[in-house]
Amino acid sequence: RESLLKKVSANVIPETPLSDVAEPPLAQAQPIKPKTSVRLEFLLYFMNYESFTVVFALPYATAELPATYRNFLEGINLSLSGERVSPSIRQLRWPIVKASHIDQSEHEARQIVRDSLRQSQRQSQERSQDLNPVLVFGQEAWGYLVADSDKTAFHVGDTEQEASCLFLALPTIEAISHDVTLKRQLWRQLSPVRAVLHG
C-alpha cells in the first residue's frame, strides 16, 4: 500500500493533462468463466477548500477537469464560505499501476481512496472546526469513500460521520447542472455543512 500511495502522491495536479487512458476491451472469442473478475477502473477528484472537501467521480478516460465543474464548485464555495479561494486538487485514477500481482481489489481500492482523502485534506490549510465536511457528489464516489454496509448505503441528503469527517451524500454534479429542481434542493441539503461551518 505504501508504494501505491507514493504513486498517488505523485499524481497531484493542477491542470496537467493525463496521458493514461482506458485500454480497449479485449475481444472475447469464448464465453467468460464465472470466476473471471472485471477490471476495476475509476477516476476520483478531491478538491480541498479552506473549510471543506469535495469528492466526485469522472469517467475513467477524462483528460482534465471540466471548466463547468470548476465553476459549479466555485459557486458552492462562495455560498458556504463567502470568499473566493483556489482549492488544492488531487486525483486518484484506479488502477494506479497495471500489474496483476499487486492487490488492487475493491477492498484495497476503498482503503487507498480513504488514505487519499486524508492526504489531500492535509494539503489544505489547517481548519478551525473539529469536524471536516466532505461533500460527496454521486453514488460512485460514495461507494468507494463511505459505503461498506447497508448502514452507509447511498441516499441523497444523508450524512455519515466517521472520525473527524462528516460525509454528505449528494447527486452527481452532472445531474445537478441539468436539473433546476436538484439545484434548489442542493441548497437545503447543504444545511448540515453550514451548521458545522457557521454554528
Side-chain angles (χ1 to χ4, degrees), residues 13-15 17-18 21-22 38 40-94 106 109-110 113-114 116-117 120-121 124 129 131-162 165-198:
I13 46 178
E15 305 306 279
L18 305 174
V21 296
V38 178
L40 191 62
E41 291 183 343
F42 61 84
L43 171 62
L44 293 182
Y45 271 81
F46 303 82
M47 296 183 69
N48 284 280
Y49 293 87
E50 289 185 358
S51 55
F52 65 94
T53 303
V54 172
V55 183
F56 56 90
L58 283 175
Y60 179 79
T62 300
E64 58 183 304
L65 180 64
T68 53
Y69 279 56
R70 188 183 296 276
N71 294 338
F72 172 82
L73 293 171
E74 178 60 26
I76 297 288
N77 174 60
L78 280 171
S79 170
L80 293 175
S81 69
E83 57 184 354
R84 292 183 181 276
V85 296
S86 296
S88 65
I89 304 175
R90 188 181 185 87
Q91 67 175 22
L92 171 60
R93 188 184 297 268
W94 189 272
E106 187 170 340
R110 284 198 180 104
V113 167
R114 291 170 184 177
S116 294
L117 173 66
S120 61
Q121 287 177 329
S124 63
Q129 73 271 7
L131 201 57
N132 296 311
V134 182
L135 281 57
V136 186
F137 287 92
Q139 185 169 0
E140 183 178 4
W142 183 271
Y144 289 115
L145 192 60
V146 184
D148 55 13
S149 68
D150 291 339
K151 177 178 175 290
T152 56
F154 180 82
H155 300 288
V156 171
D158 279 4
T159 58
E160 180 68 27
Q161 187 171 338
E162 183 180 307
C165 290
L166 178 69
F167 298 99
L168 173 62
L170 297 167
T172 63
I173 294 175
E174 185 75 13
I176 295 170
S177 64
H178 290 94
D179 191 319
V180 175
T181 302
L182 289 180
K183 286 181 183 177
R184 284 197 295 264
Q185 292 173 348
L186 174 63
W187 305 120
R188 293 196 301 274
Q189 291 159 351
L190 289 173
S191 58
V193 176
R194 291 193 185 92
V196 170
L197 300 183
H198 306 295

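Since we're looking at a predicted model, the values are computed, not measured.
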Taking the side chain as everything from C-beta on, heavy atoms only, tell me whether [X] gets closer than 4.5 Å to [Y].
X    : Y    : result
F137 : I176 : yes
I173 : L73  : yes
R70  : I89  : yes
V134 : Q121 : yes

Main chain of [Y], side chain of [X]: is a donor-acceptor contact present, judged purely on distance under 3.5 Å?
X    : Y    : result
R114 : L145 : yes
S120 : L117 : yes
R194 : W187 : yes
R110 : G143 : yes

Minimum-distance pair of heavy atoms, taken over all atoms of [X] and [Y]:
X    : Y    : value
L43  : P59  : CD2-O, 3.6 Å
T172 : G138 : CG2-CA, 3.7 Å
P133 : S51  : CD-O, 3.5 Å
W142 : L168 : CZ3-C, 3.8 Å
S116 : L92  : OG-CD2, 3.9 Å
L131 : V196 : O-CG1, 3.5 Å

Provide the full list of salt bridge (charged side-chain N to carboxylate O under 4.0 Å, His left out) pairs with a residue in residues 174-183, sequence neighbours left out, each pair given once.
none
Please collect all salt bridge (charged side-chain N to carboxylate O under 4.0 Å, His left out) contacts where either partner lies in residues 72-89, sequence neighbours excluded, each pair once.
E74-R84
Nearest 0.5 Å, please: how far is [atom2] in [Y] from [atom1] in [X]?
X    : Y    : atom1 : atom2 : value
F52  : I76  : CZ    : CD1   : 7.5 Å
E41  : W94  : CD    : CH2   : 12.0 Å
L166 : L135 : CG    : CG    : 9.0 Å
T53  : F167 : OG1   : CZ    : 9.0 Å
N132 : Q161 : CG    : CD    : 10.5 Å
H198 : S81  : NE2   : OG    : 7.0 Å

For [X], check side chain to side chain contact (heavy atoms under 4.5 Å, CB included) against everything at least two apart and list the hits.
X    : value
S86  : none
D158 : H155
Q189 : V156, L170, P171, Q185, L186

Working for side chain to side chain contact (heavy atoms under 4.5 Å, CB included), residues L65 and M47:
CA-CA 11 Å; L65 180 64; M47 296 183 69; 4.0 Å; yes
Output all residues satisfying ring pair (Phe, Tyr, Trp, His ring centres under 6.0 Å) with F56, sequence neighbours left out; order by chain, then residue number.
Y45, Y69
